[in-house]
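Each remark here refers to the structure printed beneath this line.
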Amino acid sequence: MSTRSLGVVIVGFGGMGYQHSLMISQVSRLKLLGAYDIKAEAQEKAAKSGIKAYPSLDAVLADPAVEIVLIATPNDTHKDIAIKAMKAGKHVICEKPVCLDSTELAAILAVAAETGKVFQVHQNRRWDEDYLIVKKLYDEKLIGEVFHIETRVQGSRGIPGDWRRLEAQGGGMMLDWGVHLLDRITVMIPGRIVQVFCKLNFPTGEEVDEGFHVFLTFEHGKTVMVEVGTRNFLSLPLWYVSGTMGTAIIQDWTLSGRVMTLQTIENMDATPIVAGAGLTKTMAPRIDETATEAPLPRVKADVCDFYRNVIDVIEGRAKPVIKNAEVMRVMKLMETCFLSDKTGQVIQFE
Ligand code: NAD
């Protein structure tokens, strides 16, 4: 296997561009050559980080040492930069959301096909351990057959930054966080998504969605509720996973949580309890010995494997982990969410 380093330049050296520079430094086969940003202070930050600040995008594209252009600019700029870079003979790593809609994505993928350049989207949250724990529970049926999942992220500070609040720049929480949560669900659960219902929310009156609830129904009847909130002063768990033989909760990114698994199916005819102003058998607590509580399983993951896979794809050794067909499916799913919100209807998706 080659040990040659591939030259990378980061376009857009803001929050995520800088984060990429830290991650790239951990990947031995990548050599960070520099960055380009339209803002002078970001250019200075690049120079202070010890990398070259390119004076323009054209200068980046004219440099034969640059093999990969990594795009970490606001969402509305991804398409044009990606197309220009591939036409200049560069491979592209692009931040999520890949672009604003499926028409833009089709244009990008057409240029990738025409130029033969690799185009890969940074869906890094597929390497989040909280997700990988749920995927393990799901794949290995550790709580039986999973039939319903709630996945959410909740903050209380509203939408941060400037461009994230602007529709024209691809702001809003569906494109920002929805793209991650929907991506993970669509790769974890096989099968067609038959129905989509979405309600966006605008609690402080921003022009873009400040959060949303999405309800998905798969062809086999499994259901998923996806929620993003930016006005939640108390947080619900990141994951609540319901299986036929157990339930799992992941509370937060520290991975506090637990799994409760059914051991024996006891006599279902429980003694009724007084609950609130009424009586219930259905909601009576179960007998302790019939269920076992365990800590969450742990799964090791290294997000640098994303970059390593891109190198392998470029050198023809591997298939992409993040497939462009999956990225297109999620883009169309987000478009369907917007349509559902606008019409108030459940939409038949696939
Ligand atoms: P940011 O505002 O912190 O940084 C964006 C930078 O791009 C700014 O410095 C800006 O000056 C620069 N820029 C704007 N237009 C440009 C252009 N045409 N050419 C060169 N530079 C340009 O935003 P951010 O939070 O870093 O987000 C950037 C991208 O990264 C977005 O697409 C966002 O969705 C994505 N992102 C991904 C993750 C993740 O975990 N995958 C996390 C945060 C952001």
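Order of listing sets the numbers, starting from 1, for every ligand and every atom in it. This chain uses plain numbering: 1 for the first residue, then up along the sequence.
- His91 has its ring centre no less than 6.0 Å from the ring centre of Phe119.
- Considering only non-hydrogen protein atoms, atom 15 (N) of ligand 1 sits nearest to Ile38 CD1, 3.4 Å.
- Using a 4.0 Å cut-off to heavy atoms of Arg164, the atoms of ligand 1 that qualify are 25 (O), 27 (O), 33 (C), 43 (C), 44 (C).
- Residue-to-ligand polar distances keep Thr77 apart from ligand 1: every N/O pair is separated by 3.5 Å or more.
- When Ala35, Ala72, Gly12 are checked for heavy-atom proximity to atom 5 (C) of ligand 1, Ala72 turns out nearest.
- From the protein, the heavy atom lying nearest to atom 9 (O) of ligand 1 is Asp37 OD2, 2.6 Å.
- If you check the side chains of Thr254 and Asp252, you find a donor sitting under 3.5 Å from an acceptor.
- Contact annotation for Glu41 and ligand 1: no heavy atom of the residue comes within less than 4.0 Å of the ligand.
- For the pair Asn124 and ligand 1, the shortest N or O to N or O distance falls below 3.5 Å.
- Here Val11 has side-chain heavy atoms under 4.0 Å from ligand 1, and that is the only part of it that gets that close.
- Annotation: cation-pi pair Lys222/Phe147 absent, no NZ/CZ under 6.0 Å from the ring centroid and within 45° of its normal.
- An N or O contact shorter than 3.5 Å is missing between Asp162 and ligand 1 by distance.
- For atom 4 (O) of ligand 1, the nearest protein heavy atom (residue, atom name, distance) is Gly14 CA, 3.3 Å.
- Near Trp163, with a cut-off below 4.0 Å to any heavy atom, the atoms of ligand 1 are 1 (P), 2 (O), 23 (O), 27 (O), 31 (C), 33 (C), 34 (O).
- Taking distance alone, with nitrogen or oxygen atoms compared against 3.5 Å, Ile81 stays at or beyond that limit from ligand 1.
- Of all the atoms in ligand 1, the ones that sit under 4.0 Å from a non-hydrogen atom of Pro97 are 34 (O).
- Using cut-offs of 30° and 60° on the angle between ring planes, the pair Phe306 and Trp127 is perpendicular.
- With Tyr54 as the aromatic partner, Lys52 meets the cation-pi criteria of under 6.0 angstrom to the ring centre and within 45 degrees of the ring axis.
- For atom 37 (C) of ligand 1, the closest heavy atom belonging to the protein is Glu95 OE1, 3.0 Å.
- When heavy-atom distances to ligand 1 are checked against a 4.0 Å cut-off, Gln19 has no atom that comes that close, whether in backbone or side chain.
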